[in-house]
Colleague: 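There's a structure below that I have some questions on.
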Amino acid sequence: MLDEARGLLSHELFSQVDLHRLYGGVVPELASRDHVQRLLPLVRQALAKAGTTAAELDGVAYTAGPGLVGALLTGAALGRSMAYALGVPAVPVHHLEGHLLAPLLEERAPPFPHLALLVSGGHTMLIVVRALGDYQLLGETRDDAAGEAFDKSAKLLGLPYPGGPELARLAETGRPGAFDFPRPMLDRAGFEFSFSGLKTAVMLAVREAGAAMNDELRANIARGVQDAIVDTLVGKTARALDETALAHLVVAGGVSANRALRGALQAAATARGAEIYFPRFEFCTDNAAMIAVAGLARLKQGGAAEHLAIEARAQWPLMSLRAPGVH
Ligand code: KG4
Ligand code: ZN
């Protein structure tokens, strides 16, 4: 529940991690069935915690994509129907725009224009954010996303799902430099990333260790993986700050919860006299508050849907978005 004047009044999250852990990843059909059961109780809980009722809402924002269409449809149907029943606008929100705008939930909010590093399980992008809906893509990954590289490496190390945070935890005890994994594209011009080679390097390291694999080796490999990903992300982001001369850097998406990445980016930004902005940890990974903040921003600028369609798009490029009213 987000109030323009009073800020965030409540937010609720039900993690499906336990549901999917058994399978080592998200099972789409189980995810959507579980959404059906969880959504209404969560909405009621959020309303109660905010001390408000549905009748007081001025709009309902929902995630319209991109993502797994079954899960999207469940949320979109509820969001659209609630708005219809209450006679208020519905605002279909782009998941990545939610991540990008999540730092606006903080007291120290980033001004426009700024550079954004968006790092999640599905995306790795450097973007110039000039205003709401005015995005210029500088570069993105050619293959695996940064979060995917964390997750796949974690799986190869035998860590439980979800692998990223587990690998990060293990990396803290690993010895730097024990494993020197590739930092692809780092010395090339431009802002493209490529992380798919990393999992091959990790696979070879695991194979080479064979029966000698132990906790120390595992931690050293984890450290090597994290350092390779962090160096690559920081190197390209620093170069983007230099080339764009932007003085504000936003880091968002699930991987922005990574402490090593936050520290290294902070140092790179400070060295360039730039200000850095992160969402608080719980708003780095997927959450409803970021969808509310993006929805409110669009609603204020006339971006509510003009029709009754339940919008759910599996594919929806961020760069196809425009500022409200701009076609
Ligand atoms: O944004 P998000 O919650 O979902 C997507 O939109 O993809 O990002 C999830 C990704 C996963 O790949 C997860 O492993 C990664 O973010 N992640 C982390 C950490 N916390 C989440 N990766 C590294 N270190 C972390 N602390
Ligand atoms: Zn996400």
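In listed order, ligands and their atoms are each counted from 1.
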Colleague: Starting from atom 21 (C) of ligand 1, which protein heavy atom do you reach first, and at what distance in Å?
Modeller: Gly254 O, 3.3 Å
Colleague: Show which atoms of ligand 1 fall inside a sub-4.0 Å distance from at least one heavy-atom site of Thr285.
Modeller: 3 (O), 21 (C)
Colleague: Check the hydrophobic clustering (I, L, V, M, F, W, Y; side-chain heavy atoms under 4.5 Å; chains of links allowed) and say if Phe181 and Val230 are grouped together.
Modeller: yes
Colleague: Can you name the N/O/S atom of His95 that is nearest the Zn ion (ligand 2)?
Modeller: NE2
Colleague: How close does the nearest protein non-hydrogen atom get to atom 2 (P) of ligand 1, and which residue and atom is it?
Modeller: Asp286 OD1, 3.2 Å
Colleague: For atom 14 (O) of ligand 1, grab the closest protein heavy atom and report residue, atom and distance to one decimal in Å.
Modeller: Asp151 OD1, 2.6 Å
Colleague: Just wondering, do His35 and Gln16 contact through their side chains at under 4.5 Å, heavy atoms?
Modeller: yes
Colleague: Specify whether His95 and His99 have parallel, tilted or perpendicular ring planes, treating 30° as the upper limit for parallel and 60° as the lower limit for perpendicular.
Modeller: perpendicular
Colleague: Can you find a heavy atom in the side chain of Ser196 that is under 4.5 Å from one in the side chain of Leu198?
Modeller: no
Colleague: Given the ring of Phe14, does Arg38 sit roughly above its face, with NZ or CZ under 6.0 Å from the centre of the six-membered ring and within 45° of the axis?
Modeller: yes
Colleague: Determine, using heavy atoms of Arg169 and all atoms of ligand 1, whether some pair is separated by less than 4.0 Å.
Modeller: no
Colleague: Check Asp151 with Lys155, please: is the shortest side-chain N to carboxylate O separation under 4.0 Å?
Modeller: no
Colleague: Does the residue Arg259 have a heavy-atom contact with ligand 1, meaning some pair of atoms that are separated by less than 4.0 Å?
Modeller: no
Colleague: Side chain or backbone of His95 under 4.0 Å from ligand 1, or both, or neither, by non-hydrogen atoms?
Modeller: side chain
Colleague: Using a 4.0 Å cutoff against the non-hydrogen atoms of Gly122, which atoms of ligand 1 qualify?
Modeller: 7 (O)
Colleague: At a 4.0 Å threshold, what atoms of ligand 1 neighbour a non-hydrogen atom of Ala168?
Modeller: 24 (N)
Colleague: Among the N, O or S atoms of Asp286, which one sits nearest to the Zn ion (ligand 2)?
Modeller: OD1
Colleague: Looking at Arg259 and Glu172, is there a salt bridge between them, counting it only when a charged N and a carboxylate O are closer than 4.0 Å?
Modeller: no
Colleague: Assign the ring pair His94 / Trp316 to parallel, tilted or perpendicular, where the plane angle (0 to 90°) is split at 30° and 60°.
Modeller: tilted
Colleague: Tell me whether ligand 1 is touched by Pro165 - counting only heavy atoms on the residue side and a distance under 4.0 Å.
Modeller: yes
Colleague: Could you find the nearest protein heavy atom to atom 10 (C) of ligand 1 and give me its residue, atom name and distance?
Modeller: Gly121 N, 3.5 Å
Colleague: May I ask whether Pro162 has any heavy atom positioned less than 4.0 angstrom from an atom of ligand 1?
Modeller: no
Colleague: Atom OH of residue position Tyr84 - does it have more than 12 heavy atoms of other residues, nucleotides or ligands inside 6.0 Å?
Modeller: no
Colleague: So is Phe150 polar-close to ligand 1, meaning N/O to N/O under 3.5 Å?
Modeller: no
Colleague: Distance under 6.0 Å and angle within 45° of the ring axis: does Arg262 meet both against Phe281?
Modeller: yes
Colleague: I want to confirm something. Looking only at heavy atoms, which of Val255, Val230, Val119 is nearest to atom 15 (C) of ligand 1?
Modeller: Val255
Colleague: Below 4.0 Å, non-hydrogen atoms only: which portion of Asn258 touches ligand 1? Side chain, backbone, both or neither.
Modeller: both
Colleague: Tell me whether Arg108 forms a cation-pi arrangement with Tyr277, defined as NZ or CZ under 6.0 Å from the six-membered ring centre and within 45 degrees of its axis.
Modeller: yes
Colleague: For ligand 1, find out whether one of its N or O atoms is nearer than 3.5 Å to an N or O atom of Gly147.
Modeller: yes
